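Computed from a predicted model, the values in this text were never measured in an experiment. Per chain, numbering begins at 1; letters A, B, ... match sequence-line order.
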There are 2 protein chains.
Amino acid sequence: MILNQATDYAFRAVLYLSLLQPGEIVEAKVISESQNIPLRFLLKILRSLAKAGIVKSYQGVGGGYALGKKPADITLRDVLEAVEGPIRINKCLIDPDYCNKQATTYCPVHHVLASIQQTITQEFDKYNFEQLKEYAKQYGK
Amino acid sequence: MILNQATDYAFRAVLYLSLLQPGEIVEAKVISESQNIPLRFLLKILRSLAKAGIVKSYQGVGGGYALGKKPADITLRDVLEAVEGPIRINKCLIDPDYCNKQATTYCPVHHVLASIQQTITQEFDKYNFEQLKEYAKQYGK
DNA sequence: ATAAAACAATACCGATTAAGTATAGTTTAT
DNA sequence: ATAAACTATACTTAATCGGTATTGTTTTAT
């Protein structure tokens with residue numbers, strides 16, 4: 001019932017990239033130091049984000065990372081799922097056979113959990129990095 | 001981002017107790033067998049639920065468990081928090097110093113996560129065991 | 001009073017996952 | 001050709017999860 005440390009780092013890294021000038025590229029090391037994220041761990045996380053198209057990576061000298069799309073087009077859910085996979089709040093919502101072992105016909109627990117999961121998913125979808133960027137600017141840093 | 005197995009078991013055990021006749025007491029063994037929950041693990045879970053007043057335990061011969069309050073007065077959140085502790089979706093929402101280490105003044109990530117956490121908490125509060133009981137009756141089992 | 005049927009408390013254990021590190025390789029600007 | 005960056009994969013350590021074991025307590029029936 002808690003986000004991974006990696007997801008927390010990912011949120012902060014993507015926010016950092018959101019605040020750059022358009023076209024600006026920064027090395028992982030800069031993000032790592034500014035956000036207090038262990039460098040090698042961050043590199044791993046950035047790879048997941050790159051796979052999902054959330055960031056774009058540039059190899060070689062002068063390389064680094066930049067956002068892969070506009071901040072407004074990246075939601076917290078996008079980042080969360082890039083790092084942790086799909087939001088699933090209970091085993092019975094992953095493996096459809098799970099419930100059938102316990103409740104042969106119909107499982108009311110499953111029923112409401114599915115609904116809660118949907119609300120949670122929507123909730124993470126509600127926030128994008130344009131909004132976070134505004135908050136950040138507004139309050140300084 | 002997922003509920004404990006123990007919480008899942010707890011939901012099902014409390015639902016089972018909700019469906020009993022008023023005043024009826026059942027041994028852990030009966031719940032265990034009916035719901036496919038390892039007995040000793042269930043006993044541990046029931047102890048947490050008893051501490052929270054959700055179930056009432058009776059020792060000695062002829063003892064067992066019954067609900068500690070009306071099904072309508074037990075929410076999914078009550079059960080979840082009895083088993084796992086308070087709903088906290090990120091480390092920075094547990095330890096207030098955590099954010100300050102990283103973002104010295106104001107942390108927009110923290111800000112929105114706090115709001116999401118509140119929504120999630122309300123969502124688990126929305127469902128009580130009277131409702132689950134109705135679903136269960138309606139669909140048989 | 002004592003035996004047995006239940007729960008209580010605590011400690012332990014093995015497996016999995018999370019968090020982070022290491023090693024070797026690839027790409028690219030200079 | 002070299003060095004500065006990222007890539008890929010595998011490894012390691014620590015924490016958590018899911019479950020079990022042991023010993024003790026309470027209560028009812030005999």
Quickly work out the [X] [atom1] to [N] [atom2] distance and round it to whole Å.
X	N	atom1	atom2	value
B/N36	D/dG19	CG	C1'	15 Å
A/I45	D/dA8	CD1	P	16 Å
A/R47	C/dG25	CZ	P	16 Å
B/L39	C/dA8	CG	P	12 Å
B/L43	D/dA21	CG	P	13 Å
A/Y58	D/dC6	OH	P	12 Å
A/L46	C/dG20	CG	C1'	15 Å
B/L49	C/dA8	CG	C1'	15 Å

If hydrophobic clusters are built by linking Ile, Leu, Val, Met, Phe, Trp and Tyr wherever their side-chain heavy atoms come under 4.5 Å apart, do A/F41 and A/L49 end up in the same one?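 Per the 4.5 Å side-chain linkage, A/F41 and A/L49 are co-clustered.
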Would you say the side-chain atoms of B/Q122 and B/D125 include a donor-acceptor pair closer than 3.5 Å? no
Taking the nucleotide of DNA chain C with the closest heavy atom to each, which residue, A/G62 or A/R40, is nearer the 5' end?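 Its nearest nucleotide being more 5', the pick is A/R40.
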For C/dA6 and B/S57 - does any side-chain N or O of the residue sit under 4.0 Å from the phosphate oxygens OP1/OP2? no
Check this one for me: any side-chain N or O of A/Y65 less than 4.0 Å away from OP1 or OP2 of D/dT7? yes
Going from [atom1] on [X] to [atom2] on [Y], what distance comes out if it is rounded to the nearest 0.5 angstrom?
X	Y	atom1	atom2	answer
B/I37	B/Q5	CD1	CD	8.5 Å
A/I74	A/F129	CD1	CZ	7.0 Å
B/I89	B/I120	CD1	CD1	5.0 Å

Main-chain N/O of B/S115 paired with B/Q118 side-chain donor or acceptor, under 3.5 Å: no
Look at the aromatic rings of A/Y135 and B/H111 and report parallel, tilted or perpendicular, splitting at 30° and 60°.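 Because their plane-to-plane angle is over 60°, the rings of A/Y135 and B/H111 count as perpendicular.
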Could you walk me through whether B/N90 and A/T7 pass the side chain to side chain contact (heavy atoms under 4.5 Å, CB included) test, one step at a time? CA-CA 9 Å; B/N90 200 37; A/T7 302; over 6 Å; no
The side chain of B/V61 is closest to which nucleotide in this list: D/dT28, C/dT10, D/dT7? D/dT28
The nucleotide from D/dT27, C/dT26, D/dT20 with an atom nearest the side chain of A/Q59 is C/dT26
Between [X] and [Y], which heavy-atom pair has the shortest distance, and what is it?
X	Y	result
B/R12	A/C107	NH1-SG, 3.0 Å
B/F11	B/L3	CE1-CD1, 3.9 Å
A/K133	A/L15	N-CD1, 3.9 Å

Which angle, to the nearest 10 degrees, lies between the helix axes at the two ends of the helix from C/dA1-D/dT30 to C/dT30-D/dA1, each defined by five pairs?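 For the helix from C/dA1-D/dT30 to C/dT30-D/dA1, the axes at either end differ by 0°.
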Between protein and nucleotides 11-18 of chain D, map the contacts as a letter string: B base, S sugar-phosphate only, - none, heavy atoms under 4.0 Å, written 5' to 3'. ------SS
First encountered from the 5' end of DNA chain D, between A/K51 and A/G60: A/G60
Taking DNA chain C as the partner, which of residues 25-33 of chain B come within under 4.0 angstrom of it by heavy atom?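 Of all residues in residues 25-33 of chain B, the ones placing a heavy atom under 4.0 Å from DNA chain C are B/E27, B/A28.
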Heavy-atom count around B/K69 NZ within 6.0 Å, excluding the residue itself: above 12?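 Yes.
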